[in-house]
Enquirer: 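Submitted below is the structure of interest, expressed as structure tokens.
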Amino acid sequence: MVLVYSDNKKLVFEMLNVAVELGKNTKKEVIAVIIGKSDESLAREYISYGADNVFIAETNFETFKAEEYTDILSKVVEETGADTILIGSNKNGKELSARLGGILNAGCVVDSNNIYIKDNNIFAERVVYSGNAIAILKFNSKPAIITIPPKAFDPLKKDEKRKGEITKKKIEAEKSQSKILKVQELKSEGVNVEDAEIIVSCGRGFKNKEDIKLVNDLADVLKGKTVGCSRPIAADLKWLSEDHWIGLSGHKVKPKLYIAAGISGQIQHIAGMRDSGIIVAINKDPEALIFKSADYGIVGDLYEVIPKLTAAVKEKMG
Amino acid sequence: MNIIVCAKQVVDVSEMKFDSSTKKPILQGVSQKISDIDKNAMEEAIKIKDKHGGKITVLTVGPANAKERIKELLAMGADEGVLVVALDNIDYHMTATLLAEAVKKIGEYDMILCGEASVDLFSGQIGPRLAGLLKIPQITYAMKVTAEKNSVTAEQNMGKNVVTSESTYPALITVTKEINEPRLPSLMQILGAANKPINEYTAETLVKDVKPVVETIDLKGVSMERKNVIYKNDLDESVEQLVNSLAKEGVLGG
Ligand SMILES: Cc1cc2nc3c(=O)[nH]c(=O)nc-3n(C[C@H](O)[C@H](O)[C@H](O)COP(=O)(O)OP(=O)(O)OC[C@H]3O[C@@H](n4cnc5c(N)ncnc54)[C@H](O)[C@@H]3O)c2cc1C
């Protein structure tokens with residue numbers, strides 16, 4: 001069986017695409033898993049996106065806690081005899097899959113966007129060394145646990161006529177010694193850099209928080225309206241909220257145009273934007289690393305370059 | 001408070017070289033360091049020890065030369081090091097298994113601190129795997145940790161939300177890079193570290209017959225071929241050329 005689980009249903013839709021492919025190749029059924037309250041309409045939706053069956057693991061736990069959800073999921077694995085487990089790669093999903101790997105002594109590959117079967121073995125590829133290489137990994141044992149990031153795959157076409165079975169079962173799990181005291185929304189300006197087509201990013205080359213306006217203006221005339229930033233701007237200076245942060249420990253983006261202003265181009269920043277279509281760099285240091293990763297660049301003071309660029313783009317676009 | 005800090009020796013990715021034809025990374029000869037975020041874990045351990053007293057043990061699974069790196073953490077403030085010498089091609093399952101056995105050898109502990117992920121491979125598996133093997137709670141992505149006598153509270157950065165969690169001891173906590181600024185040891189501390197003990201175990205003495213469940217078959221190179229057209233002369237001219245190029249590329253709006 002191929003199991004698919006995430007607390008984010010969009011991710012489940014996307015993963016079902018891969019699951020169906022893997023299921024076809026190994027002649028195994030695809031089971032989408034719901035943990036928590038029984039939700040039959042969601043279950044039917046999973047079926048219409050490709051699941052053969054849906055397993056609803058009913059629990060009394062109100063919120064996600066890795067220890068408890070791992071315990072539940074391991075019981076679902078046992079119950080269904082699953083040998084391939086696909087988990088959505090958000091933060092909950094990652095800590096869940098690694099702990100599951102621990103207690104099942106099973107292999108786990110995090111953040112894979114290419115999964116295939118060769119000679120009856122499951123292979124998964126993932127980006128390593130800050131985007132400088134792709135590791136080809138082979139599972140030697142079962143079950144195989146793989147987490148899949150958002151947007152790695154498109155969902156299959158929805159087919160409301162597909163039929164599938166829905167199994168409900170109450171699953172008891174051991175209560176964790178830890179408890180959640182509070183959940184607060186992380187400060188966010190509601191931008192979604194992952195979906196953006198054009199991103200203008202700022203780095204430490206900016207001297208004051210107010211100067212970010214320059215980037216906003218350029219993003220506006222480009223109709224991209226999306227501002228990104230390097231780690232120091234979000235993490236250290238806190239001039240922008242973390243939803244703007246691009247890089248290894250921030251968001252991974254692939255807009256058709258990425259403009260980096262006052263960003264040095266350290267490998268950890270590149271890791272987040274290397275898949276962009278066209279990359280433009282603005283930096284006063286002709287030796288800056290960012291120029292090596294750029295299609296076009298202007299060597300100059302961003303305080304002079306950006307206003308001129310904004311005006312020129314405005315004129316060009318009419 | 002007895003604290004174990006798990007630290008990994010990694011290649012310095014920013015110093016990595018690539019084979020010019022295959023684009024594959026050349027890992028041999030690249031300088032090694034302690035993974036950055038593990039130093040944040042170390043710093044947090046020192047702060048907790050400053051408040052409650054106790055002992056900090058640094059635990060590494062790695063090659064024999066990782067001993068030199070462990071000394072850096074002893075200089076920062078750890079009391080003792082443990083190195084489990086393992087072969088190169090080990091996977092997360094083996095590493096976590098060895099760590100779990102080493103933790104049992106170390107004995108009494110209240111808290112295990114790890115970085116949220118190592119900076120070379122960035123999987124973030126070791127903390128949760130180890131917690132799973134030891135059957136203890138895991139608090140991941142902590143950006144603030146408050147250790148009290150009988151319990152620990154942490155603010156976790158879970159992406160959209162900040163989750164405040166509390167656990168009794170023992171507990172495993174993984175920290176983010178933002179949690180603190182790791183201290184640089186003084187010369188005195190560096191010299192003093194030479195006298196601190198580092199216990200070495202071989203993998204075989206801890207676990208018999210543990211095999212990788214995931215094997216790295218190959219590392220493919222990634223080419224970052226870019227046009228590298230850089231304008232550096234008259235600014236007005238440069239801006240005009242850039243805008244024309246972008247228009248030609250078809251990336252200007254619309
Ligand atoms: C584990 C780890 C994870 C990390 N994750 C990330 C991540 O996710 N994202 C990320 O971005 N970084 C990350 N980093 C940090 C990364 O290594 C760099 O420190 C960071 O990207 C540098 O940010 P910056 O380019 O804005 O600043 P700097 O490196 O300080 O560069 C500023 C640049 O601005 C230029 N400049 C200055 N003034 C002007 C001017 N007037 N006009 C034009 N140019 C000017 C300078 O020439 C310089 O190139 C991580 C680091 C580690 C160790």
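Note that the coordinates shown come from a computational prediction; the quantities given were computed from them, not determined experimentally.
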Enquirer: Return yes if a side-chain donor-acceptor contact under 3.5 Å exists between A:K316 and B:N244, otherwise no.
Expert: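 Short answer, yes.
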Enquirer: What closest approach, in Å, do B:L133 and A:G102 show between heavy atoms, and which atom pair accounts for it?
Expert: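 Smallest interatomic distance, heavy atoms only, reads CD2-O, 3.2 Å.
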Enquirer: Rounded to the nearest 0.5 Å, how far apart are CG of B:L130 and CZ of A:R99?
Expert: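 The CG atom of B:L130 sits 10.0 Å away from the CZ atom of A:R99.
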Enquirer: Measure B:M158 against the heavy atoms of chain A and call it side chain, backbone, both or neither at under 4.5 Å.
Expert: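 Interface part for B:M158: both.
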Enquirer: Please look at A:A281 and chain B and tell me whether the side chain, the backbone, both or neither of the residue comes under 4.5 angstrom of a heavy atom of that chain.
Expert: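 When you check distances to chain B, no heavy atom of A:A281 falls under 4.5 Å.
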Enquirer: Quick check: do A:I180 and B:T164 have side-chain heavy atoms less than 4.5 Å from each other?
Expert: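 Contact flag for A:I180/B:T164 side chains = no.
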Enquirer: Heavy-atom pairs under 4.5 Å with chain B: which of A:K65, A:Q177, A:K187, A:K292 has the most?
Expert: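 So the answer, after comparing A:K65, A:Q177, A:K187, A:K292, is A:Q177.
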Enquirer: To the nearest 0.5 Å, what is the distance between CD1 (A:I136) and OG1 (B:T216)?
Expert: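 Going from the CD1 atom of A:I136 to the OG1 atom of B:T216 covers 10.0 Å.
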Enquirer: Strictly by modelled atom types, are B:E215 and A:N140 linked by a side-chain donor-acceptor pair under 3.5 Å?
Expert: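 B:E215 vs A:N140: donor-acceptor pair found between side chains.
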Enquirer: Side chain, backbone, both or neither: which part of A:T70 has an atom under 4.5 Å from a heavy atom of chain B?
Expert: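 Answer is neither: A:T70 stays 4.5 Å or more from chain B.
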Enquirer: May I ask you to check whether over 12 heavy atoms, not counting those of A:K254, lie within 6.0 Å of atom NZ?
Expert: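 Not buried by this count: 12 neighbours or fewer within 6.0 Å.
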Enquirer: List the steps and the verdict of salt bridge (Lys or Arg N to Asp or Glu O under 4.0 Å) for B:E178 and A:K238.
Expert: CA-CA 11 Å; B:E178 287 67 54; A:K238 302 201 189 320; over 6 Å; no
Enquirer: Does this structure show an ion pair linking B:K220 with A:E125, if we count only N-O contacts that are shorter than 4.0 Å?
Expert: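 Looking at A:E125 together with B:K220, the answer is yes, because their closest N to O distance falls below 4.0 Å.
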Enquirer: Considering only heavy atoms, which portion of B:V10 lies under 4.5 Å from any heavy atom of chain A: side chain, backbone, both, or neither?
Expert: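 Looking at B:V10, nothing touches chain A.
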Enquirer: Against chain B, label A:I267 side chain, backbone, both or neither, depending on which of its atoms sit under 4.5 Å from a heavy atom there.
Expert: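 Side chain only.
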Enquirer: Do B:Q138 and A:E67 get their side chains close enough for a donor-acceptor pair, meaning under 3.5 Å?
Expert: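 Side chains of B:Q138 and A:E67: no pair found under 3.5 Å.
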Enquirer: Considering only heavy atoms, which portion of A:I279 lies under 4.5 Å from any heavy atom of chain B: side chain, backbone, both, or neither?
Expert: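 Both the backbone and the side chain of A:I279 come within 4.5 Å of chain B.
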Enquirer: Side chain, backbone, both or neither: which part of B:I37 has a heavy atom under 4.5 Å from chain A?
Expert: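 Contact with chain A is absent: no heavy atom of B:I37 under 4.5 Å.
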Enquirer: Testing the basics here: between A:R126 and B:L121, what is the closest heavy-atom pair and its distance to 0.1 Å?
Expert: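 Closest approach of A:R126 to B:L121, heavy atoms only: NH1-O, 2.8 Å.
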Enquirer: Non-hydrogen atoms of chain A under 4.5 Å away: do they reach the side chain of B:I136, the backbone, both or neither?
Expert: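 For B:I136, backbone heavy atoms alone lie under 4.5 Å from chain A.
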Enquirer: Measure B:N157 against the heavy atoms of chain A and call it side chain, backbone, both or neither at under 4.5 Å.
Expert: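 B:N157 touches chain A through backbone and side-chain heavy atoms alike.
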Enquirer: What's the separation between atom CG in A:D295 and atom CD in B:E249, rounded to the nearest 0.5 Å?
Expert: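 Reported to 0.5 Å precision, the distance equals 6.5 Å.
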Enquirer: Side chain, backbone, both or neither: which part of B:D218 has an atom under 4.5 Å from a heavy atom of chain A?
Expert: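 Contact with chain A: backbone and side chain both.
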Enquirer: Between A:N92, A:L248, A:T63, which residue shows the highest count of heavy-atom pairs closer than 4.5 Å to chain B?
Expert: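 The residue among A:N92, A:L248, A:T63 with the greatest pair count is A:L248.
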Enquirer: Let's test your reading of the structure: which of B:I139, B:D91, B:T176, B:L246 forms the most heavy-atom pairs below 4.5 Å with chain A?
Expert: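 Going by pairs under 4.5 Å, I would pick B:L246.
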Enquirer: Report the distance from atom OG of B:S14 to atom CD1 of A:I270, rounding to the nearest 0.5 Å.
Expert: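 Result: 12.5 Å between the selected atoms.
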Enquirer: If every non-hydrogen atom of B:V214 is compared with every non-hydrogen atom of A:C108, which pair is closest and at what distance?
Expert: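 Scanning both residues, the minimum pair turns out to be CG2-N, 3.9 Å.
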Enquirer: Less than 4.5 Å to any heavy atom of chain B: does that hold for the side chain of A:V280, its backbone, both, or neither?
Expert: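 Only the side chain of A:V280 comes within 4.5 Å of chain B.
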Enquirer: Shortest non-hydrogen contact from A:K256 to B:G250?
Expert: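 In this case the closest contact between A:K256 and B:G250 is NZ-O, 4.2 Å.
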Enquirer: Chain A heavy atoms under 4.5 Å from B:E240: which part of the residue, side chain, backbone, both or neither?
Expert: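 B:E240 has no heavy atom closer than 4.5 Å to chain A.
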Enquirer: For B:N228 and A:F291, work out which heavy atoms get closest and say how close.
Expert: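 Closest pair (atom of B:N228, atom of A:F291, distance): ND2-O, 2.9 Å.
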Enquirer: Could you tell me if B:T140 and A:E95 have a donor-acceptor pair between their side chains, going purely by distance under 3.5 Å?
Expert: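 Indeed, the side chains of A:E95 and B:T140 share at least one donor-acceptor pair under 3.5 Å.
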Enquirer: Looking only at non-hydrogen atoms, find the nearest pair between A:A312 and B:V239 and report the distance.
Expert: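 Result for this residue pair: CB-CG1, 3.6 Å.
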Enquirer: In terms of heavy-atom pairs under 4.5 Å with chain B, which of A:A311, A:S276, A:A124 leads?
Expert: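 Looking at each option in turn, the highest pair count goes to A:S276.
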Enquirer: Are there over 12 heavy-atom neighbours, none belonging to A:E189, within less than 6.0 Å of that residue's CD?
Expert: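 Buried by this count: over 12 neighbours within 6.0 Å.
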Enquirer: Quick check on B:K177 against chain A: is it the side chain, the backbone, both or neither that has a heavy atom closer than 4.5 Å?
Expert: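 Both backbone and side chain.
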Enquirer: Tell me which of these, A:Q266, A:R274, A:E315, has more heavy-atom pairs under 4.5 Å with chain B than the rest.
Expert: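 Most heavy-atom pairs within the cutoff with chain B belong to A:R274.
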Enquirer: Measure distances from B:Y141 to the heavy atoms of chain A and classify the residue's part below 4.5 Å as side chain, backbone, both or neither.
Expert: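 Only the side chain of B:Y141 comes within 4.5 Å of chain A.
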Enquirer: With a sphere of 6.0 Å drawn around CG of B:D19, does it hold more than 12 non-hydrogen atoms of other residues, nucleotides or ligands?
Expert: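 More than 12 within 6.0 Å, yes.
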Enquirer: Write out, in numerical order, the residues from residues 145-155 of chain B with a heavy atom short of 4.5 Å from a heavy atom in chain A.
Expert: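 From residues 145-155 of chain B, the residues near chain A are B:T153.
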Enquirer: Under 3.5 Å, is there a donor-acceptor pair between the A:Y296 and B:Q241 side chains?
Expert: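 There is no such pair between these side chains.
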Enquirer: Side chain, backbone, both or neither: which part of A:S293 has a non-hydrogen atom closer than 4.5 Å to chain B?
Expert: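 Both parts, heavy atoms under 4.5 Å.
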Enquirer: Need one label for B:A96: side chain, backbone, both or neither, based on atoms under 4.5 Å from any heavy atom in chain A.
Expert: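 Contact with chain A: none, neither part.
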